[in-house]
Amino acid sequence: MVSSARPPAYTMRQLFVFVAVAETGTIRAAAERLHVSQSAVSLAITELERGLKSQLCVRRRAHGVQLTPTGERVLIRARALLEQAGDLASEASGAEGVLTGPLAIGCYSSLGPTLLPRLLYEFNQLHPKVTVDFVEDTQDRLEQRLMSGELDLAIVYDLDLSPELRRARMGTRQPAILLPADHRLADAPVVELAELADEPMVLLDAPPSSFHALQMCSRAGFTPHVRFRPKNFETARALVGRGFGWTLLIQRPHLDVTYEGLGVVVRPEVEPPVPEVDVLLAWSQDALLSRTARAFVDFAVDGDNPGTAAGDATAH
């Protein structure tokens with residue numbers, strides 16, 4: 001059966017050159033990366049624009065290359081197509097059982113220390129030829145990087161996620177109140193959140209944790225007196241350990257001590273109840289996941305892996 005589809009009016013080489021230009025920002029830098037002449041790079045971009053019948057970038061001699069809105073969208077698809085082309089070459093060469101190539105993963109900053117190291121280690125043990133790179137960031141910036149194609153996947157909380165992201169459920173976390181070791185409520189079996197309304201709060205200022213904590217306080221009928229707004233998870237715990245206030249965190253390390261060796265008291269029983277929060281692996285709904293990325297999704301949502309309760313992983 002002969003396909004009736006018309007052949008594309010562009011080549012994979014043109015897409016490859018376009019991605020290089022977009023990532024380096026100038027024709028000259030792209031030429032140096034690809035070890036070709038600047039005129040060859042310019043010609044490839046011109047031919048790609050002619051084939052797609054769209055302007056993909058604005059070339060300014062003194063200011064480099066600026067992608068147009070169409071160029072931004074094409075960049076995402078171009079990266080995905082190049083990954084798929086690599087997969088096709090591997091399968092055709094009989095190497096379909098061996099995963100190779102790069103994988104870019106993002107991770108919400110407070111999840112990184114307790115979840116990411118073991119996950120990367122065990123995946124590397126299974127697929128040693130895969131080169132995994134990762135970034136830690138706030139969830140809103142991770143979403144932007146997913147949508148731009150900079151990241152293949154990101155580990156995030158199921159809080160205020162864009163509907164343009166697909167996701168697989170890795171497990172859950174139970175938010176808890178953290179108190180100094182000598183706090184008056186340290187031994188309370190259940191902590192009424194409203195009892196902390198008049199005390200200073202240490203707010204982890206890293207979306208979406210900050211929004212989540214403030215929302216829980218609002219549900220309890222008060223606006224907290226925020227004394228400090230650290231952006232680092234461990235700094236927030238350290239400030240609580242020093243008695244500067246209390247905090248509400250989703251993530252909990254294995255040991256309830258700060259870097260200084262000071263104890264903190266964790267109270268997961270809160271009134272009104274604070275619901276569990278799902279940990280997700282997310283990716284752009286427009287992305288064509290590579291074989292490597294698909295393998296990581298399958299691995300990460302397996303019941304034997306960190307952050308996942310057996311049998312509770314779902315993708316949608």
Side-chain angles (χ1 to χ4, degrees), residues 107-118 136-140 142 155-160 170-280 306-309 312:
C107 187
Y108 178 62
S109 53
S110 68
L111 281 167
T114 58
L115 184 60
L116 199 55
R118 180 183 163 195
E136 294 179 291
D137 214 330
T138 57
Q139 194 155 300
D140 53 348
L142 290 176
I155 301 170
V156 294
Y157 286 127
D158 190 10
L159 295 171
D160 303 318
M170 296 174 62
T172 60
R173 292 290 185 272
Q174 176 59 61
I177 290 175
L178 266 67
L179 303 169
D182 59 354
H183 193 276
R184 60 186 176 83
L185 298 176
D187 295 325
V190 178
V191 174
E192 295 278 349
L193 197 54
E195 291 187 70
L196 300 169
D198 296 328
E199 299 185 19
M201 180 188 188
V202 176
L203 180 66
L204 177 60
D205 192 13
S209 287
S210 49
F211 303 140
H212 176 263
L214 293 174
Q215 184 182 48
M216 294 303 102
C217 292
S218 178
R219 283 181 50 197
F222 71 96
T223 300
H225 301 291
V226 179
R227 183 172 183 182
F228 292 116
R229 294 175 176 267
K231 296 185 180 298
N232 181 278
F233 173 75
E234 287 295 344
T235 303
R237 297 178 71 250
L239 290 168
V240 172
R242 278 291 179 181
F244 284 109
W246 62 276
T247 192
L248 177 65
L249 297 176
I250 302 174
Q251 183 73 358
R252 177 182 180 181
H254 182 66
L255 299 176
D256 294 329
V257 294
T258 69
Y259 280 176
E260 294 183 286
L262 300 175
V264 292
V265 175
V266 179
R267 286 289 172 262
E269 298 297 328
V270 182
E271 287 292 341
V274 180
E276 291 183 337
V277 177
D278 286 342
V279 178
L280 306 176
T308 309
D312 90 27

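Values below: all heavy atoms of this structure, side chains included; hydrogens, waters and symmetry mates excluded.
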Looking at every heavy atom in both Leu185 and Arg267, which two are closest together, and how far apart are they?
O-NE, 4.3 Å
Applying side-chain contact (heavy atoms from CB on, under 4.5 Å), run through Val270 and Val190 and close with a yes or a no.
CA-CA 6 Å; Val270 182; Val190 178; over 6 Å; no
How far apart are the closest heavy atoms of Leu142 and Cys107, and which atoms are they?
CD1-C, 3.5 Å
Can you tell me how far apart CZ (Arg242) and OG1 (Thr258) are? Round to the nearest 0.5 Å.
7.5 Å
When the side chains of residues 272-279 are checked against the rest of the protein, which donor-acceptor pairs come out under 3.5 Å, sequence neighbours left out?
| from | atom 1 | to | atom 2 | distance (Å) |
| --- | --- | --- | --- | --- |
| Asp278 | OD1 | Arg169 | NE | 3.0 |
| Asp278 | OD1 | Arg169 | NH2 | 3.4 |
| Asp278 | OD2 | Arg169 | NE | 3.2 |

Exercise: identify the closest heavy-atom pair between Leu204 and Ser210
O-CB, 3.2 Å
First locate atom CG of Asp158, then atom CZ of Arg173, and finally report the distance between them rounded to the nearest 0.5 Å.
13.5 Å
Is there side-chain contact between Arg227 and Glu199, with at least one heavy-atom pair below 4.5 Å?
no
Between CZ of Phe222 and CG of Leu193, what distance do you get to the nearest 0.5 Å?
4.0 Å
Among Ser110, Ser109, Ser209, find the residue that satisfies the side chain to side chain contact (heavy atoms under 4.5 Å, CB included) test when tested with Phe233.
Ser110
Nearest heavy-atom neighbours spanning Trp246 and Pro224
CZ2-CB, 4.5 Å
Where do His183 and Val265 land on the side-chain contact (heavy atoms from CB on, under 4.5 Å) test, with the steps shown first?
CA-CA 9 Å; His183 193 276; Val265 175; over 6 Å; no
Kindly indicate whether the side chain of Tyr157, heavy atoms from C-beta on, has any atom under 4.5 Å from the side chain of His212.
no
Start with the C-alpha distance between Glu136 and Ile155, add both sets of side-chain angles, then the distance that settles side-chain contact (heavy atoms from CB on, under 4.5 Å), and finish with yes or no.
CA-CA 9 Å; Glu136 294 179 291; Ile155 301 170; over 6 Å; no
By the side chain to side chain donor-acceptor pair (under 3.5 Å) test, which pairs, at least two apart or in different chains, include something from residues 187-197?
none
For Ala181 against Ala186, the heavy-atom pair lying closest together
O-CB, 3.6 Å
Does the side chain of Leu203 reach to within under 4.5 Å of the side chain of Leu214, using non-hydrogen atoms?
yes
Tyr108 to Pro207 - nearest heavy-atom pair and separation
CE1-O, 3.1 Å
As an exercise, state the distance from CG of Leu179 to CG of Asp256, rounded to the nearest 0.5 Å.
11.5 Å
Side chain to side chain contact (heavy atoms under 4.5 Å, CB included) partners of Pro230, counting only residues at least two apart:
Val202, Phe228, Thr235, Ala236, Leu239
Can you list the steps and then say if Leu248 with Met216 is a side-chain contact (heavy atoms from CB on, under 4.5 Å)?
CA-CA 9 Å; Leu248 177 65; Met216 294 303 102; 3.7 Å; yes
Pairing of Glu260 and Arg237 as salt bridge, 4.0 angstrom limit
no
